[in-house]
Amino acid sequence: MALSAVIFLSLLPILTWFHVFEPWIISITSISFFLISIMELDSYLYRLKNTYKLKPVKPLHPKFTDRENEIAHQIINEADYTVISKKMFIQKSTVRKHASNIFSKANCSNRDQFIKKFKR
């Protein structure tokens with residue numbers, strides 16, 4: 001669909017250069033913009049459906065950012081980094097980096113120590 005829209009739109013300047021002003025050019029333009037509109041709508045609906053909803057959570061530590069608090073709560077619930085990354089639509093390496101920052105701010109050396117310290 002995207003390729004056909006690009007081809008149709010790239011034909012317009014070429015045809016205009018050669019002074020071809022036929023009624024079918026209007027059809028090509030309309031089809032191109034229609035295809036682009038469908039792609040944009042599909043993209044918007046996909047992002048709307050797959051966007052992680054930020055839920056307010058109780059701060060665990062005053063130095064944690066909002067994102068770190070969310071990840072910390074999921075770590076306390078013993079979620080795996082892969083599960084957290086899929087749930088939040090971020091890379092596993094990003095979750096690891098946040099977890100590293102969380103552990104250092106909480107003065108914990110590893111995940112088990114953090115869970116024992118903050119699980120209530």
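The chain is numbered in sequence order, starting from 1. Bear in mind that the values here come from a model prediction, so they are computed numbers and not experimental data.
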Item to complete: Show your working on side chain to side chain contact (heavy atoms under 4.5 Å, CB included) between R67 and I90 and close with a plain yes or no.
Response: CA-CA 11 Å; R67 193 62 144 183; I90 57 176; 3.4 Å; yes

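- Under a cut-off of 6.0 angstrom, the local environment of CD in Q91 is sparse, with at most 12 non-hydrogen atoms contributed by other residues, nucleotides or ligands.
- E70 CD to Q74 CD: the interatomic distance, rounded to the nearest 0.5 Å, is 7.0 Å.
- The backbone N or O of C108 lies less than 3.5 Å from no partner atom in the side chain of K117, so there is not a single donor-acceptor pair.
- Each of M88, K86, K87 was scored for a side chain to side chain contact (heavy atoms under 4.5 Å, CB included) with I84, with one residue passing: M88.
- Atoms OH and OG, on Y44 and S37 in that order, are 15.0 Å from each other to the nearest 0.5 Å.
- In terms of modelled atom types and a separation under 3.5 Å, the side chain of N77 and the main chain of A79 share no donor-acceptor contact.
- The shortest side-chain heavy-atom distance between F34 and I38 falls under the 4.5 Å cut-off.
- One distance of note links NE2 of H98 with OG of S85; it measures 11.5 Å at 0.5 Å rounding.
- In this structure, F118 and I75 have side chains that are not in contact, with every pair of non-hydrogen atoms separated by 4.5 Å or more.
- Put simply, the side chain of E40 never gets that close to the backbone of I36: no donor and acceptor are under 3.5 Å apart.
- The distance from atom CZ of R111 to atom CZ of F103, rounded to the nearest 0.5 Å, is 6.5 Å.
- Under the side chain to side chain contact (heavy atoms under 4.5 Å, CB included) test applied with E68, the options I71, T65, D66 reduce to a single match, T65.
- Looking only at distances, no side-chain donor or acceptor of K63 sits under 3.5 Å from a matching main-chain atom of K105.
- Between A72 and I102 the shortest heavy-atom distance is N-CD1, 3.8 Å.
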Practice prompt. Assess whether side chain to side chain contact (heavy atoms under 4.5 Å, CB included) is satisfied between I76 and F114, documenting all intermediate values.
Written response: CA-CA 8 Å; I76 289 172; F114 177 79; 3.8 Å; yes

